[in-house]
**Student:** 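Take a look at this one; I'll ask things after.
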Protein chains: 2
Amino acid sequence: MQRALRVIRWLPASDWLARYTRADAAGDGLAAIIVTILLVPQGLAYALLAGMPPETGLYASMLPLIVYGLFGTSSSLSVGPAALTSLITASAAGALAHGDPQLFIQAAIGMGLLSGAVLIIMAVLRLGWLTNLLSHPVIIGFVSGCAILIASSQLKHLLGIPASGNNIVQLGRSLSAHLNQSHWLTVAISAIAIASLLIPKQLNGAFKRSRLPAWLAAFMGKSGPILAVLVTTVLAFSFDLDQQGLAIVGAIPSGLPHLSTPQMDWNHWKAVATPALLLALIGFVESISLAQALAARRRERISPNRELMGLGLANLASGLSGSFAVTGSFSRTTVSFEAGARTPMTSLLTGMGIALVALFFTGLFYALPLATLAAIIVVGIIPLIELGEIRQLWRYSRPDSIAMVVTLFGVLLINVQSGLLIGVGLSVVLFLWRTSQPHVAEVGLVPGTQHFRNIDRHDAIISDQILSIRVDESLYFGNARPLEDLLYDHAMGRPGVAHVVLMCSAINHLDASAVQSLESLNARLDAAGVQLHLSEVKGPVMDRLTKTHLLSTLSGQVFLSQYQAIEALGGATKTPDAV
Amino acid sequence: MQRALRVIRWLPASDWLARYTRADAAGDGLAAIIVTILLVPQGLAYALLAGMPPETGLYASMLPLIVYGLFGTSSSLSVGPAALTSLITASAAGALAHGDPQLFIQAAIGMGLLSGAVLIIMAVLRLGWLTNLLSHPVIIGFVSGCAILIASSQLKHLLGIPASGNNIVQLGRSLSAHLNQSHWLTVAISAIAIASLLIPKQLNGAFKRSRLPAWLAAFMGKSGPILAVLVTTVLAFSFDLDQQGLAIVGAIPSGLPHLSTPQMDWNHWKAVATPALLLALIGFVESISLAQALAARRRERISPNRELMGLGLANLASGLSGSFAVTGSFSRTTVSFEAGARTPMTSLLTGMGIALVALFFTGLFYALPLATLAAIIVVGIIPLIELGEIRQLWRYSRPDSIAMVVTLFGVLLINVQSGLLIGVGLSVVLFLWRTSQPHVAEVGLVPGTQHFRNIDRHDAIISDQILSIRVDESLYFGNARPLEDLLYDHAMGRPGVAHVVLMCSAINHLDASAVQSLESLNARLDAAGVQLHLSEVKGPVMDRLTKTHLLSTLSGQVFLSQYQAIEALGGATKTPDAV
């Protein structure tokens, strides 16, 4: 009984199902129909990008959506195949498979499955904060690099030539070697597809200003993929263009997926572990940012841990359906939101809609040109290339822009996973570098008061024998040793000094390395005949210091206030200039 | 001419040579003689530990010491073979060589050479702060783990049985399999060696209290290794104990090393890169801590970058001499200091002393039992096992003690390098976790003043419509997103709120991720009909914010003080209880 209750608590669907209304059903139903129509060409396109058979694009849009509808918390997030996760899948599975097509498919499925497991573990252990490791500049650099790679990788389909590569150098070399073999019929179809994609986008403003209902205006603005699919498929079918060398999707096996797990040995599972972790982190960051942005527009709240669970189960469902990793999709989510999706029922209904397509309508996509799918990917991905951000970031912060540029070039020149890992590592190291130089000020007494201020900024008096120093940051392993040296050198640079008073008013936390450095500073100063004192130590910090040896070995005393310290040690008499 | 001047500036020896006195020569000469006598058995022992031929222990104590004397800055640091670096060498070279003895030696030499290059690069790029990545708990865990591993690895020599392994499990299994083959003559020699090592240690206090000169008392206290070598070598030689199965050092090739570089292909160089980096970091941390502790006792200052250069060149010299990585040795440095070493001339003279030994006296060590060398290592290393620190650390800080225990077990159960890397990674992640939850307080107006204080700690009045929040930490990628959610949830949890004022008095720095999160918070609050305001932004932070879009998109205003903000937005009227 208790167990059953717990399961229900984990099923966020129970919340909204209990108060589901007819108005909800109308909004959700319309949104589901529109998203289904959009999702079919997108699913096929992202399967192409992931290097997987076309039907897996439909499988990834079926069970995962139903599972997310039951376990997710966002009312309009559209989970399913997406560009970034498909690219990571293609890159990592390609690196593992070394040209073995069966192994490629198994590895892609295994990655999706494992990334689902990672997300579920993160949900159970409440590790959502791990995504903070991905700083904004690293994400911008990563997404821009991936977008350039994706666009480049689709050029072969747009031009009708063979090409391959895991980074921009390999791709560029491969493309330029075959450029003179471009297939002009394919190029023409690509041009028609791109025009069909761009025209509704251009008219977006006009649709919004027109008298159309909001949902229809939003749909019309996003209808490019459907228009492109319609026009080019009809052309290809009517004139049998595949006979003239146009690559088409061909026969898609109809029916629902069979649930199974990938057939891989232990070494292959180990090899997909890192990409699965990246898929999980990137997928979650993409999903949660979208979900939060939408929730704000309805004053709702998103629970990151429940989202982790929802997305994790959706990925597990995708892997079991024999398909690749999924995440929240930006374009479909916007359409769904504007079409009036009110509850996760939209996601449930969309999944069922795709199941209907897979059962009865796959034949309609037989003559769909691959060039059209490539055009859908390229037109969708190009706005994600935010190179303008580099200049902006360069003006704001050098370390941040370095992290971004390194991630971007890592993705472009090495590969997707290495680029991200290098970027994350670098941003952590740059952060540690910045905090390794905390702000430190020598303070003096403001005459006529009991206040101590930075002597560089205020008229304050000091003493020949006493050096009063305030540190404006918590101390941890990253800055403890440099600070120890800085304080020691400061004291040694002032020959008459017999006392150093460390004013701790801004120190919120001291880790074990900082305690060790204070002990070492105390010993070094003591050996040089200088006493170390502390003042204005915060309550919680003092409580923890009593558990260490520092207080018993301290050569000086702990004072409640800096003023008491100066009074007890002889008083301040000189202006700094006189020293 | 200018270039020559620059070289001389890089040669710290020019400083002290210019004012070298007869008294300096006396102190340095005596210290050099004593350290040379200590260094010969230690060099042979650490060569044994590193898995290298005995003569390489002498080579590592020759040119590197002369180079350090010329380029180092510490007056009494004794650079040369040491326990930790020898263990890392053995472990990493063993993993690479897969039982090929020639490759093992080349890899060990290559690692020393490369770690020297790494240190020199760090000196040139001023990257000494990278050693801050090694937090105190990680170092304690690492050193304790290494000490346990080293002691266990020497048991085979003490018992006269074969055994091998890179971690405690492999070693334990291998030792227990051969335990019943223990060679009792070897065990007896080991017992004699251990007794000879411990007796002078026990008498250390008595020597110090006696009328002996300080240098002699210090030498007597540390004379254990010499006594052990003397007693056991004489025993082994007199009774031809090697004929009865006692393992001895045997013939050591006499003469000076030939300078050369290791013969390895590109893949092997790549494989030794990570261990070389670890050797550089660990060696530098060990050296610099020792040098700083000594400098304090003479009110001297150490330049970390010059130390990096000195230690780097010493390692380069060791590699070119065909030997393994070196660093500052704790035991020899203490002896050198107490024997009155005054300048780096001590190091120069010691290097020459070892050269004399290598030229003329290697024959004296023919009958030296390996068991004696193992006993020297074990007795020297056991005090470094600081398991008591775990309990102390557990009381002081859970995350710190977790980092320590994980490093310890990583070293013991996997291997030396993985243990350290896992420990460093974990301590960074734990730090990011801690800072991902900055201290945030809702503040109210202290009646009758213009001051704002935490409403949980002070009697302060607030407003129904205004939420005033102070963040007590700089914002960066690690805490930006959680803070965004926290502030948003705070505002949503208070239905009547129309304004959120973020009091920025404690924010010293905002990175690009933090700006992004503030923009996103602004947009989310705006979508929910709440305005975001900033107050008390520090000058440097404000200067940089003007370079972003935040100020132009901010739904509210930027106020100079929190008081002005509250006045402008309608004033504070209620006590928090009434809300």
Side-chain angles (χ1 to χ4, degrees), chain A residues 129-138 289 292-293 295-297 299 301 304 392-393 395-397 399-401 427-429 431-434 436 439 472-474 476-482 485 488-489 492 506 508-509 511-513 515-517 520 523-525 527-529 544 547-549, chain B residues 129-138 289 292-293 295-297 299 301 304 392-393 395-397 399-401 427-429 431-434 436 439 472-474 476-482 485 488-489 492 506 508-509 511-513 515-517 520 523-525 527-529 544 547-549:
Chain A
W129 58 269
L130 269 180
T131 54
N132 298 332
L133 282 170
L134 301 172
S135 72
H136 177 62
V138 168
S289 330
Q292 283 175 337
R297 290 166 72 173
R299 285 195 89 136
R301 282 163 69 168
Q392 163 108 25
L393 213 52
R395 291 201 313 156
Y396 182 69
S397 158
D400 276 330
S401 50
S427 60
V428 168
V429 167
F431 171 73
L432 293 176
W433 171 73
R434 188 178 64 70
S436 72
H439 184 245
D472 286 345
E473 205 144 350
S474 287
Y476 80 108
F477 65 86
N479 60 21
R481 258 192 304 252
D485 291 347
Y488 178 75
D489 289 350
M492 291 303 104
N508 295 314
H509 188 90
D511 76 358
S513 304
V515 172
Q516 168 70 15
S517 278
S520 158
R524 285 165 74 185
L525 288 176
R544 303 184 66 211
K547 296 177 185 164
T548 69
H549 297 308
Chain B
W129 57 271
L130 269 180
T131 53
N132 298 332
L133 283 169
L134 302 172
S135 72
H136 177 62
V138 167
S289 332
Q292 283 175 338
R297 290 167 71 174
R299 286 195 88 136
R301 283 162 70 168
Q392 163 107 24
L393 214 51
R395 292 201 313 155
Y396 182 69
S397 158
D400 276 331
S401 50
S427 60
V428 168
V429 166
F431 171 71
L432 292 176
W433 171 74
R434 186 178 64 71
S436 73
H439 184 246
D472 287 344
E473 205 143 352
S474 288
Y476 80 108
F477 66 86
N479 60 21
R481 260 192 303 253
D485 291 347
Y488 178 75
D489 289 350
M492 292 302 105
N508 295 313
H509 188 90
D511 76 358
S513 304
V515 172
Q516 168 71 14
S517 278
S520 158
R524 285 166 74 184
L525 287 176
R544 302 184 67 211
K547 297 177 186 164
T548 69
H549 299 307

**Student:** Is the shortest heavy-atom distance from the side chain of B/Tyr476 to the side chain of A/Asp400 under 4.5 Å?
**Tutor:** no

**Student:** At a heavy-atom distance under 4.5 Å, which candidate from B/Pro399, B/Ser427, B/Ala480, B/Ser517 has the highest pair count against chain A?
**Tutor:** B/Ser427

**Student:** For residues A/Thr548 and B/Gln392, determine if any side-chain heavy atom of one lies less than 4.5 Å from a side-chain heavy atom of the other.
**Tutor:**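 In contact.
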
**Student:** Let's test your reading of the structure: which of B/Lys547, B/His549, B/Gln516 forms the most heavy-atom pairs below 4.5 Å with chain A?
**Tutor:** B/Gln516

**Student:** So which of A/Arg434, A/Glu473, A/Arg481 has the largest heavy-atom pair count under 4.5 angstrom toward chain B?
**Tutor:** A/Arg434

**Student:** Answer with side chain, backbone, both or neither: which region of B/Leu525 has an atom nearer than 4.5 Å to a non-hydrogen atom of chain A?
**Tutor:**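 Looking at B/Leu525, nothing touches chain A.
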
**Student:** By a 4.5 Å heavy-atom criterion (distance strictly below it), what part of B/Val429 contacts chain A: side chain, backbone, both, or neither?
**Tutor:** both

**Student:** How far does OH of B/Tyr396 sit from CG of A/Asp511, to the nearest 0.5 angstrom?
**Tutor:** 7.0 Å

**Student:** Based on non-hydrogen pairs under 4.5 Å, which of B/Ala523, B/Ser397, B/Gly478 is most in contact with chain A?
**Tutor:** B/Gly478

**Student:** Heavy-atom distance under 4.5 Å to chain B: side chain of A/Asp485, backbone, both or neither?
**Tutor:** side chain

**Student:** Could you grab the distance from atom NE2 of A/His136 to atom OG of B/Ser520, nearest 0.5 Å is fine?
**Tutor:**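 One finds 10.0 Å between NE2 of A/His136 and OG of B/Ser520.
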
